[in-house]
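So the structure is just underneath, and the comments pick up after that.
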Amino acid sequence: MTAQPESILNQLVEQLSKYAKSYTKPDEFTLRRLKNEATMLMKVNAAEGAMIRGMIACLEGDLDECEKQHGISIKLNHDPIFLQNYALS
């Protein structure tokens with residue numbers, strides 16, 4: 001049985017938040033896994049996938065990509081949570 005998209009999103013946000021709160025960057029293997037999961041999420045919900053990719057880019061220090069991905073997520077979904085995650089990144 002596969003996880004539902006909402007639970008995948010929640011798991012990714014939780015994982016990324018731990019790194020952000022501790023001011024640490026995931027190792028390369030973990031980054032690749034997170035990016036792959038974000039890509040899979042984009043197939044189900046593009047706005048959520050872009051938000052996760054923006055959060056990952058923030059952890060990598062890639063501010064241009066962070067801004068780009070969060071911009072995409074906000075254009076696709078005007079829910080305040082997308083703006084909040086952009087602000088946090």
Side-chain angles (χ1 to χ4, degrees):
M1 181 179 234
T2 59
Q4 296 298 316
E6 185 177 308
S7 63
I8 293 170
L9 172 67
N10 293 341
Q11 290 172 9
L12 289 170
V13 168
E14 185 177 318
Q15 290 173 41
L16 294 168
S17 294
K18 287 179 184 178
Y19 287 109
K21 289 176 184 175
S22 65
Y23 298 100
T24 58
K25 180 180 174 182
D27 60 70
E28 290 301 318
F29 179 78
T30 302
L31 276 172
R32 177 59 40 208
R33 180 183 54 79
L34 292 167
K35 287 179 181 181
N36 287 340
E37 290 177 7
T39 299
M40 290 188 308
L41 183 59
M42 286 191 84
K43 294 176 184 176
V44 177
N45 187 317
E48 292 175 354
M51 179 183 72
I52 294 297
R53 292 182 110 179
M55 294 171 72
I56 293 168
C58 176
L59 290 176
E60 292 179 302
D62 187 346
L63 299 181
D64 290 334
E65 186 66 17
C66 176
E67 184 176 354
K68 175 185 169 188
Q69 292 299 324
H70 280 295
I72 291 169
S73 72
I74 292 165
K75 285 179 186 175
L76 294 173
N77 191 321
H78 300 295
D79 188 307
I81 193 70
F82 293 94
L83 291 167
Q84 181 182 9
N85 280 307
Y86 182 28
L88 290 172
S89 288

Is Tyr86 reachable from Val13 through a run of I, L, V, M, F, W or Y residues, each pair having side-chain heavy atoms under 4.5 Å apart?
-> yes
State, to 0.1 Å, how close Leu12 and Glu37 come at their nearest heavy-atom pair, and which atoms those are.
-> CD2-OE1, 2.9 Å
Scanning both residues in full, the closest heavy-atom pair of Ala47 with Asn77 reads CB-CB, 3.8 Å
What residues, two or more places apart in sequence or in another chain, satisfy salt bridge (Lys or Arg N to Asp or Glu O under 4.0 Å) together with Glu14?
-> Lys18
Same cluster (ILVMFWY, side-chain, under 4.5 Å), Ile74 and Leu63 = no
Of all heavy-atom pairs between Arg53 and Ala38, which one has the smallest distance, and what is that distance?
-> CG-CB, 3.7 Å
Quick one: CG on Asp27 to OH on Tyr19, what's the gap to the nearest 0.5 Å?
-> 6.0 Å
In terms of heavy-atom contacts, Cys58 and Cys66 come closest through CB-SG, 3.8 Å
Hydrophobic cluster membership, Met40 vs Val44, 4.5 Å side-chain cutoff | no
With rounding to the nearest 0.5 Å, note down the distance linking CD1 in Ile56 to OG1 in Thr30.
-> 11.0 Å
Hydrophobic cluster membership, Leu31 vs Met42, 4.5 Å side-chain cutoff = no
What distance do Ile8 atom CD1 and Asn45 atom CG have between them, rounded to the nearest 0.5 Å?
-> 11.0 Å
Hydrophobic cluster partners of Leu88 (side-chain heavy atoms under 4.5 Å) = none
Under 4.5 Å side-chain linkage, directly or through intermediates, the cluster mates of Leu76 = Ile72
Taking salt bridge (Lys or Arg N to Asp or Glu O under 4.0 Å) as the test, write out the residues that go with Arg32, two or more places apart.
-> none
The reported gap from CG in Leu59 to CD in Gln15 (rounded to nearest 0.5 angstrom) is 11.0 Å
Pairs in or reaching into residues 59-86: which pass salt bridge (Lys or Arg N to Asp or Glu O under 4.0 Å), with residues at least two apart or in two chains?
-> Lys35-Glu60
For Phe82, enumerate each residue passing the ring-ring contact (aromatic ring centres under 6.0 Å, His included) test, keeping only those at least two apart in sequence or located in another chain.
-> none
Below 4.5 Å, heavy atoms only, C-beta onward: do His70 and Met51 meet side chain to side chain?
-> yes
